[in-house]
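Step one of this worksheet: look at the structure below.
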Amino acid sequence: MAQKPSIPKGTRDFSPDEVVKRNYIMDTIKSCFTTYGFQPIETPSFENSETLMGKYGEEGDRLIFKILNSGDYLAKVDDSLYVAKDSLKMTGQISEKALRYDLTVPFARYVVQHQNEITFPFKRYQMQPVWRADRPQKGRFREFYQCDADVVGSNSLWQEVELVQLYDAVFSQLQLKGTTIKMNNRKVLSGIAEVIGEADKLIDFTVALDKLDKIGEEGVKKELREKGISESAIDKVQPLFTASGSASEKLNLLSTLLASSEVGRKGIEELSFIVNAVASLGLQSATLEIDVTLARGLNYYTGAIFEVSAPAGVAMGSIGGGGRYDDLTGIFGLKNMSGVGISFGLDRIYLVLEELNLFPETASAQTKVLFINFGEAEAMYAMNAITQLRLQGISAELYPDAAKMGKQMSYADKRNIPFAVLAGESEIASNTYTLKNMKTGEQDAMDLPSLVKKVQ
RNA sequence: GUGGUUGUAGCUCAGUUGGUUAGAGCGCUUGAUUGUGGUUCAAGAGGUCGCCGGUUCGAACCCGGUCUUCCACCCCA
């Protein structure tokens with residue numbers, strides 16, 4: 001065999017079966033988005049580098065795929081940079097465009113650019129691929145889809161409430177029971193950092209705290225010490241390591257801890273509002289949980305932070321995340337525009353549904369009736385019926401060649417086509433069709449109207 | 001970006017201390033069955049052992065590099 005072609009690391013081909021299943025997830029999400037009043041937009045696969053660079057932290061910049069300039073891209077490079085082999089500085093001179101890293105920053109760019117055409121509050125959804133120059137592992141790809149719903153231009157906490165409901169609606173409709181929507185608030189985290197006197201180390205503090213379930217209490221403390229956070233500060237956050245119980249118990253704990261912090265109290269107030277509203281509205285299948293260690297997410301979150309984890313027992317990172325960012329469009333020059341949004345990780349949801357065997361049968365159904373080809377005259381007779389079936393919205397096809405019958409039958413079998421129709425000389429003579437049920441093996445001759453009725 | 005791991009037929013995988021012609025199951029093709037698939041039986045096709053280089057009389061096997069897979073870290077959906 002000749003050398004096999006291949007695709008880049010971390011990318012995938014999707015075969016018919018997979019595309020059908022992916023469409024099922026996307027259709028479900030899309031219909032929920034629409035039900036909640038979100039409108040679709042799309043943005044380009046690649047943006048100007050300055051739109052993306054610096055928005056995701058230093059780590060993010062490294063993970064952005066840069067697009068090499070066209071033409072003689074080395075001509076513009078400073079000789080000094082070239083000689084020094086300074087890749088970091090040279091990148092800006094040989095690359096002016098980059099592949100989209102997420103959907104939120106392009107959305108912010110979109111809002112600023114189209115601010116005069118948009119009616120606020122603007123609720124948009126967007127389902128498009130994003131790219132990250134990451135090292136792949138399970139559930140982690142270099143090209144993957146995000147499905148985002150964001151509201152921009154409203155400070156109302158009802159948006160957060162609705163987004164929790166939206167998560168619940170999507171996962172319930174996908175029959176994915178037992179998901180946990182973890183919620184925290186950036187203001188609470190700021191409050192904690194403030195109370196322990198480490199306000200300037202907020203990021204280091206939250207990143208370490210976030211790892212609690214992974215590296216344990218001692219691991220977190222160790223990392224805090226390494227980041228230069230004082231022993232007395234660590235003592236003060238001790239209650240957080242063992243926080244458990246109901247949402248109201250956690251809120252009480254936080255109230256005590258953060259009594260002296262104004263921003264902290266504000267965060268608790270927001271969490272309470274959302275928890276109470278969701279509690280009285282009820283959720284179908286998801287659980288809303290306050291997780292004070294939840295700190296993930298990008299640095300621009302300012303209020304609520306969400307993360308959805310798959311049902312217990314499924315080894316998978318988060319399948320969704322989101323939060324409130326008070327000033328995302330500020331970086332593009334539009335001030336005082338608050339946004340809040342959530343994201344669904346399509347590819348990970350797929351893996352979870354696959355693992356739990358939750359794809360419905362219909363997600364793989366396709367052609368319903370295959371007409372066996374016996375020759376030219378018979379094919380014409382079959383095509384008459386096929387045309388009628390298709391007009392009725394029934395997917396039907398003719399085997400294109402007058403191949404051996406066994407081959408045609410096994411084609412129907414392999415493609416899981418539920419009905420085969422045999423129409424040869426004798427059927428033509430009596431103006432009938434022999435319909436065979438591939439599952440039971442039963443077959444009967446009938447006229448066209450009966451056939452249509454039978455396969456509907 | 002750091003450390004580790006994986007690669008043999010279309011697929012899932014065997015392959016002994018380095019030794020002559022690299023195997024199995026499933027799948028595929030053909031026939032038993034010229035108007036009947038899924039079961040059965042028989043026969044057959046299919047491999048540059050990821051790629052490049054090195055050690056050796058001799059390499060799927062040992063060594064180096066590279067790509068890929070998966071995993072941990074970092075970070076994240």
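To find a chain, count down the sequence lines: A is the first, B the second, and so on, and within it residues start at 1. The model shown is predicted, which means the values in this text are computed figures rather than measured ones.
- The aromatic ring centroids of A:Phe332 and A:Tyr110 lie 6.0 Å or more from each other.
- Remark: P of B:G27 and CG of A:Asp413 are 12 Å apart, rounded to the nearest angstrom.
- When rounded to the nearest whole Å, the span between CD of A:Gln126 and C1' of B:A77 equals 15 Å.
- Residue contacts shown for A:Val207 are limited to sugar-phosphate atoms, with no base heavy atom under 4.0 Å away.
- Rounded to a whole angstrom, the distance from the C1' atom of B:C26 to that of B:G64 is 37 Å.
- Taking the six-membered ring where the residue is Trp, the centroids of A:Phe344 and A:Tyr145 are separated by 6.0 Å or more.
- Nucleic acid contact for A:Phe344: none, since no nucleic acid atom lies under 4.0 Å from a heavy atom of the residue.
- Within 6.0 Å of the CZ atom in A:Phe46, the count of heavy atoms belonging to other residues, nucleotides or ligands does not exceed 12.
- Residue A:Glu50 qualifies as enclosed at atom CD: its count of foreign heavy atoms under 6.0 Å is above 12.
- By the salt bridge (Lys or Arg N to Asp or Glu O under 4.0 Å) test, A:Lys123 is found to be paired with A:Glu162, residues two or more places apart in sequence or in another chain being considered.
- For A:Met438, whose side chain is taken as the heavy atoms from C-beta onward, the closest listed nucleotide among B:U2, B:U30, B:G37 is B:G37.
- Ring-to-base geometry does not place A:Tyr411 in a stacked arrangement with B:G37 (centre distance under 5.5 Å, plane angle under 30° required).
- Distances shorter than 4.0 Å separate none of the side-chain N or O atoms of A:Lys9 from OP1 or OP2 on B:C70.
- One C1' atom belongs to B:G47, the other to B:U12, and the distance between them is 16 Å to the nearest Å.
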- Item | Derivation of the side chain to side chain contact (heavy atoms under 4.5 Å, CB included) call for A:Tyr381 and A:Phe374 | CA-CA 10 Å; A:Tyr381 181 72; A:Phe374 287 106; over 6 Å; no
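- Contacts of A:Glu427 with the nucleic acid, taken as non-hydrogen atoms under 4.0 Å apart, include base atoms.
- Here A:Gln137 lies in heavy-atom contact (under 4.0 Å) with a base.
- Rounding to whole angstrom units, CZ of residue A:Arg12 and P of B:U69 are separated by 11 Å.
- On the P atoms, B:U48 is 15 Å away from B:G23, given to the nearest whole Å.
- In this structure, A:Lys439 and A:Pro8 both approach RNA chain B, and ranking their closest nucleotides by distance from the 5' end singles out A:Lys439.
- Taking atom CD1 of A:Ile64 as the reference point, atom C1' of B:C76 lies 13 Å away to the nearest angstrom.
- Of the listed nucleotides (B:U36, B:G35, B:A77), B:U36 has the atom at the smallest distance from the side chain of A:Lys436.
- Under the Watson-Crick or G-U wobble criterion, with both distances below 3.5 Å, B:C26 is paired with B:G10.
- A gap of 23 Å separates the C1' atoms of B:U2 and B:A77, to the nearest Å.
- Rounded to the nearest Å, the gap between the P atom of B:U16 and that of B:G50 is 14 Å.
- Counting non-hydrogen atoms under 4.0 angstrom, A:Gly441 reaches a base of the nucleic acid.
- Residue A:Ser426 places a side-chain atom within donor-acceptor reach of the base of B:G35, judged by atom type and a 3.5 Å distance cut-off alone.
- Between the P atom of B:G37 and the CD atom of A:Gln443 lies a distance of 11 Å, rounded to the nearest Å.
- Looking at heavy-atom distances under 4.0 Å, A:Gly10 makes contact with sugar-phosphate atoms alone, never a base.
- Of all nucleotides present, none satisfies the Watson-Crick or G-U wobble test against B:U39 with each distance under 3.5 Å.
- A:Glu59 has its CD atom 14 Å from the P atom of B:C73, to the nearest Å.
- A:Ile319 comes within contact range of the sugar-phosphate backbone alone, with a heavy-atom separation under 4.0 Å but no base atom that close.
- You'll find that the side chain of A:Arg62 is closest to B:G1, out of B:A77, B:G1, B:U30.
- Within a 6.0 Å sphere centred on OH of A:Tyr73, heavy atoms belonging to other residues, nucleotides or ligands number 12 at most.
- The residue A:Lys414 sits close only to the backbone: its heavy atoms come under 4.0 Å of sugar-phosphate atoms, none of a base.
- At whole-Å resolution of the value, CZ in A:Arg142 and C1' in B:U68 are 11 Å apart.
- Rounded to whole angstrom, the span from the CD atom of A:Gln408 across to the C1' atom of B:U33 amounts to 16 Å.
- Here A:Gly320 lies in heavy-atom contact (under 4.0 Å) with sugar-phosphate atoms only.
- The gap from the P atom of B:A22 to that of B:A60 amounts to 10 Å, rounded to the nearest Å.
- One C1' atom belongs to B:G44, the other to B:G27, and the distance between them is 14 Å to the nearest Å.
- Taking only side-chain nitrogens and oxygens, A:Lys214 comes nearer than 4.0 Å to OP1 or OP2 of B:C73.
- More than 12 heavy atoms of other residues, nucleotides or ligands lie within 6.0 Å of CD in A:Glu217, so this atom counts as buried by the packing criterion.
- For the C1' atoms, the distance linking B:G7 with B:U69 amounts to 8 Å, nearest Å.
- With hydrogens and angles ignored, no donor-acceptor pair under 3.5 angstrom links the side chain of A:Arg415 to the base of B:G37.
- When both distances must be under 3.5 Å, the Watson-Crick or G-U wobble mate of B:U21 does not exist.
- Among the nucleotides B:U36, B:C76, B:G31, the one closest to the side chain of A:Lys404 is B:G31.
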